[in-house]
Peer 1: 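For reference, the structure I am asking about is given below.
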Amino acid sequence: MVQRRWRWMVGLWILSGWLGACAPTGPGVSPLEGFSPLPAPPQPAFTPAPKTPGGPSVELSLNQVIELARQDLAARLGLPTDEIRVIEAQAVTWPDSSLGCPEPGRMYLQVLTPGYRVFLEARGQRYAYHAGRQGSPFLCPPDRARGPVSGEP
């Protein structure tokens with residue numbers, strides 16, 4: 001019994017000496033000085049839908065998405081919106097949270113995601129806009145565009 005206590009006390013003495021050797025020493029040195037907290041956790045690979053100030057996210061209608069997409073393309077090309085023609089627009093279900101436009105090297109939630117797909121035409125060129133039900137539509141480059149799981153009526 002005495003031998004067990006002796007081993008325990010020697011072990012604590014060695015451990016406290018080892019820990020003391022690792023700590024900064026000197027007058028006025030705090031034991032926590034030089035301590036750095038853990039880094040912040042990584043950010044998610046998706047961007048959540050923007051929220052309205054002081055309220056929940058607003059679900060956009062197909063017509064609102066079409067108008068936002070036309071305004072965006074007109075601004076990009078320096079054209080009036082009446083020169084932007086809607087080729088096709090529909091409510092769709094995207095296969096994941098990338099909304100049919102995955103960025104290389106990023107991971108996305110593998111959940112069916114309701115949204116919209118809008119095809120516009122300007123100066124003889126076709127442009128694809130993708131959107132979720134909440135948040136603004138965005139121009140999806142042809143090399144990243146993926147089709148929806150299904151179109152909705």
Peer 1: Report yes if the side chains of Ile84 and Tyr127 come closer than 4.5 Å at any heavy-atom pair, otherwise no.
Peer 2: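 Answer no - side chains too far apart.
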
Peer 1: Give the cluster check for Leu99 versus Val92: same hydrophobic cluster or not, with ILVMFWY residues linked at side-chain heavy-atom distances below 4.5 Å.
Peer 2: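 Hydrophobic grouping puts Leu99 with Val92.
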
Peer 1: To the nearest 0.5 Å, tell me how far Cys101 SG sits from Asp143 CG.
Peer 2: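 The CG atom of Asp143 is 8.0 Å from SG of Cys101, to the nearest 0.5 Å.
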
Peer 1: If you take all heavy atoms of Arg117 and Gly147, which pair is closest and at what distance?
Peer 2: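 Nearest heavy atoms, Arg117 then Gly147: NH1-CA, 4.1 Å.
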
Peer 1: Enumerate the residue pairs fulfilling ring-ring contact (aromatic ring centres under 6.0 Å, His included) with a member in residues 67-90, sequence neighbours excluded, ordered by first and then second residue.
Peer 2: none

Peer 1: Less than 4.5 Å apart, any side-chain heavy atom of Glu103 and any of Tyr108?
Peer 2: yes

Peer 1: State, without any angle test, whether Ser61 and Asn63 hold a side-chain donor-acceptor pair at a distance under 3.5 Å.
Peer 2: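 Checked: Ser61/Asn63 side chains show no N/O donor-acceptor pair below 3.5 Å.
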
Peer 1: If you look at every heavy atom in Leu73 and Ala122, which pair is closest and at what distance?
Peer 2: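 Reported closest heavy-atom pair: CD2-CB, 4.4 Å.
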
Peer 1: Measure across Leu68 and Ser136 and return the closest heavy-atom pair with its distance rounded to 0.1 Å.
Peer 2: CD1-OG, 4.5 Å

Peer 1: Quick one: list whatever passes salt bridge (Lys or Arg N to Asp or Glu O under 4.0 Å) with Arg85, sequence neighbours left out.
Peer 2: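 If we apply the salt bridge (Lys or Arg N to Asp or Glu O under 4.0 Å) test to Arg85, skipping adjacent residues, the hits are Glu121.
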
Peer 1: Using side-chain heavy atoms (C-beta onward) and a distance below 4.5 Å, is Arg146 in contact with Ser98?
Peer 2: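 Counting from C-beta outward, Arg146 and Ser98 never come under 4.5 Å.
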
Peer 1: Quick one: salt bridge (Lys or Arg N to Asp or Glu O under 4.0 Å) partners of Arg76, sequence neighbours excluded?
Peer 2: Asp72

Peer 1: Grouping I, L, V, M, F, W and Y whenever their side-chain heavy atoms are under 4.5 Å apart, do Ile66 and Leu79 come out in a common cluster?
Peer 2: yes

Peer 1: Check which hydrophobic residues are tied to Ile87 through side-chain heavy-atom contacts below 4.5 Å, counting indirect links as well, and list them.
Peer 2: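 Its cluster mates, by chain and number, are Phe119.
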
Peer 1: Could you pull out all residues at least two apart from Glu83 that satisfy salt bridge (Lys or Arg N to Asp or Glu O under 4.0 Å)?
Peer 2: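 Testing Glu83 for salt bridge (Lys or Arg N to Asp or Glu O under 4.0 Å), a comparison that skips the adjacent residues, returns none.
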
Peer 1: Could you list all the ring-ring contact (aromatic ring centres under 6.0 Å, His included) pairs where at least one residue sits in residues 78-102, not counting sequence neighbours?
Peer 2: Trp94-His130

Peer 1: Check Glu59 against Gln64 and note the closest heavy-atom contact, atom names and distance.
Peer 2: O-OE1, 4.1 Å

Peer 1: What's the shortest heavy-atom distance between Ala131 and Val65, and which atoms?
Peer 2: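 Shortest heavy-atom contact: CB-CG1, 4.1 Å.
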
Peer 1: Is the shortest side-chain heavy-atom distance between Leu120 and Val86 below 4.5 Å?
Peer 2: yes

Peer 1: Between Pro102 and Gly100, which heavy-atom pair has the shortest distance, and what is it?
Peer 2: CD-C, 3.6 Å

Peer 1: Taking the six-membered ring of Tyr116 as reference, does the cationic atom of Arg133 (NZ for Lys, CZ for Arg) lie under 6.0 Å from its centre and within 45° of its axis?
Peer 2: yes

